Colleague: 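Dropping a structure here in structure tokens format, bear with me for questions.
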Amino acid sequence: MKDGLLTVQRLQCGHCGGELPVMGRYVTFQCDTCYRRCVLTEDGLAPLNVYRASPPEERDGKIIYLPFWVLTADTAALRNNVTSVMTSLTEVSQKIAATKIEKDTSEPDWISELGMNMMGVSSADTSQPAMIDSSNLTKQLPSRAELEHILSRMESAGRWHIYVPAFWTANTRGYLKIGKMMTRTQPAFHAERFDDPDKPVMCALGPQDAVRLVDYIFFATLPLSIQTCSSFMEKLHLETGKPVLIEFPFLETTGSLESLVGGFHIQSQIVGTDPSV
């Protein structure tokens with residue numbers, strides 16, 4: 001659907017014209033004729049390159065590969081955004097702290113005629129200026145030192161990736177938690193182009209939806225002391241490069257999956273996988 005119009009598109013390979021097999025909830029396809037891959041986007045079918053990360057070492061047991069959209073953060077744009085937001089909020093806070101609002105001391109004629117002051121307050125009381133409490137806004141400003149530490153860490157890493165899970169699951173909370181853990185870990189990995197025709201890529205999330213989740217996952221990796229600064233968080237935005245689809249290895253153990261590149265465990269019930277893959 002685009003611009004409110006519903007369109008029907010034939011699932012046809014853009015390279016050879018072959019019919020693409022329907023895979024239910026998944027948005028990635030592989031042509032049975034030329035083995036080219038494509039992904040269903042809001043603008044139609046688009047060519048897709050898939051990469052697979054190798055386990056750092058040989059491990060005994062069943063290894064399954066879960067797809068993630070990986071996006072590289074623009075750290076320079078983020079620093080500029082943080083500086084701009086902090087400057088803006090600080091200026092607003094300072095203006096509010098210095099502002100005095102004079103109360104309206106005029107009284108309606110009928111009150112004067114009755115010889116009464118509005119609500120029983122004397123005219124002496126209403127002549128004093130009222131101060132606006134800026135403490136609430138000040139509390140919405142995160143620590144500059146803490147922000148600098150986070151920005152410097154991201155910049156020194158060279159590249160900072162955001163990992164958006166693309167596999168299917170009914171557990172949305174756990175699904176996003178995996179993305180947060182991968183992003184926080186920033187694992188080192190080696191990935192190569194993956195074109196095995198016998199191994200379909202079980203991707204249930206399109207690239208444009210992945211872009212929409214970037215801020216949510218990145219914000220979840222920030223300290224709680226920053227997350228609770230609502231005025232700051234409302235104006236923060238992370239710009240990224242184009243999403244790349246990479247499958248990462250997980251070792252299946254009893255009741256859980258171990259990330260072989262991230263170094264963490266998750267409950268196996270979080271992931272909805274096809275046992276035939």
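Just so it is clear, the structure is predicted and the values come from calculations on it, not from any experiment. Side chains included, hydrogens not; waters and symmetry mates left out as well; all remaining heavy atoms used.
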Colleague: Please check if the side chain of S88 supplies one atom and the backbone of S84 the other of a donor-acceptor pair under 3.5 Å.
Modeller: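 No, S88 side chain to S84 backbone: no donor-acceptor pair under 3.5 Å.
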Colleague: Is any side-chain heavy atom of F264 closer than 4.5 Å to a side-chain heavy atom of S256?
Modeller: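 Result no, sub-4.5 Å side-chain heavy-atom pair not found.
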Colleague: Look only at the side chain of T28 and the backbone of V201, and say whether a donor-acceptor pair between them is shorter than 3.5 Å.
Modeller: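 Such a contact is found between T28 side chain and V201 backbone.
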Colleague: I would like to know whether E148 and R79 meet salt bridge (Lys or Arg N to Asp or Glu O under 4.0 Å); could you show each step before the answer?
Modeller: CA-CA 9 Å; E148 180 58 35; R79 177 174 284 278; 3.1 Å; yes
Colleague: Determine whether P47 and C38 make a side-chain contact, defined as any pair of heavy atoms from C-beta on separated by less than 4.5 Å.
Modeller: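 Side chain of P47 against side chain of C38, heavy atoms only: no contact under 4.5 Å found.
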Colleague: Quick one, M233 and I226 - any side-chain contact, counting heavy atoms below 4.5 Å?
Modeller: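 Heavy-atom side-chain distance check passes, below 4.5 Å.
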Colleague: Would you confirm whether the ring centroid of F248 sits within less than 6.0 angstrom of the ring centroid of Y163?
Modeller: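 When the ring centroids of Y163 and F248 are compared, they turn out to be within the sub-6.0 Å range.
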Colleague: Given the rule in the side-chain contact (heavy atoms from CB on, under 4.5 Å) test, do H237 and N81 qualify, once you have shown the distances and angles that lead to the verdict?
Modeller: CA-CA 7 Å; H237 172 64; N81 183 211; 4.1 Å; yes
Colleague: Strictly distance-based, threshold 3.5 Å: is any side-chain N or O of T185 a donor or acceptor partner for the main-chain N or O of P187?
Modeller: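 No, because the side chain of T185 does not come within donor-acceptor range (under 3.5 Å) of the backbone of P187.
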Colleague: Using side-chain heavy atoms (C-beta onward) and a distance below 4.5 Å, is C16 in contact with C31?
Modeller: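 Yes; the side chains approach each other to less than 4.5 Å.
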Colleague: Assess the residue pair I162 and L238 against the criterion (side-chain contact (heavy atoms from CB on, under 4.5 Å)); give the C-alpha distance rounded to whole Å, side-chain angles, the decisive distance to 0.1 Å, and a yes or no.
Modeller: CA-CA 10 Å; I162 309 299; L238 185 66; 3.7 Å; yes
Colleague: Using modelled atom types and a 3.5 Å cut-off, is there a donor and acceptor pairing between side-chain atoms of E192 and backbone atoms of Y51?
Modeller: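 Side chain of E192 to backbone of Y51, a donor-acceptor pair under 3.5 Å: no, none is there.
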Colleague: Hey, is the main chain of Q186 close enough, under 3.5 Å, to the side chain of W160 for a donor-acceptor pair?
Modeller: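 No.
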Colleague: Under 3.5 Å, side chain of Q208 to main-chain N/O of E42, donor-acceptor pair present?
Modeller: yes
Colleague: Decide yes or no for K235 and L89: does some side-chain heavy atom of the first lie under 4.5 Å from some side-chain heavy atom of the second?
Modeller: yes
Colleague: Can you tell me how far the CG atom of L222 sits from the CG atom of L236, to the nearest 0.5 Å?
Modeller: 7.0 Å
Colleague: Give, for atom CD of Q30 and atom CG of D198, the distance between the pair rounded to the nearest 0.5 Å.
Modeller: 8.5 Å
Colleague: Within a strict 4.5 Å, meaning less than it, do heavy atoms of the I63 and F250 side chains meet?
Modeller: no
Colleague: Can you confirm if the NZ or CZ of R37 lies within 45° of the ring axis of F29 and under 6.0 Å from the centre of its six-membered ring?
Modeller: no
Colleague: Between the main-chain N or O of K62 and the side-chain N or O of E252, is there a donor-acceptor pair closer than 3.5 Å?
Modeller: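 Side chain of E252 to backbone of K62: no pair is present.
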Colleague: Taking atom CZ of F194 as the centre, report whether more than 12 heavy atoms of other residues, nucleotides or ligands fall under 6.0 Å from it.
Modeller: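 Buried by this count: over 12 neighbours within 6.0 Å.
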Colleague: Please check: side-chain N/O of T221 versus main-chain N/O of F218, any donor-acceptor pairing under 3.5 Å?
Modeller: yes
Colleague: Working to the nearest 0.5 Å, report the span between NZ of K180 and CZ of F219.
Modeller: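 Reported to 0.5 Å precision, the distance equals 14.5 Å.
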Colleague: Quick one: are E247 and F68 in side-chain contact, heavy atoms under 4.5 Å?
Modeller: no
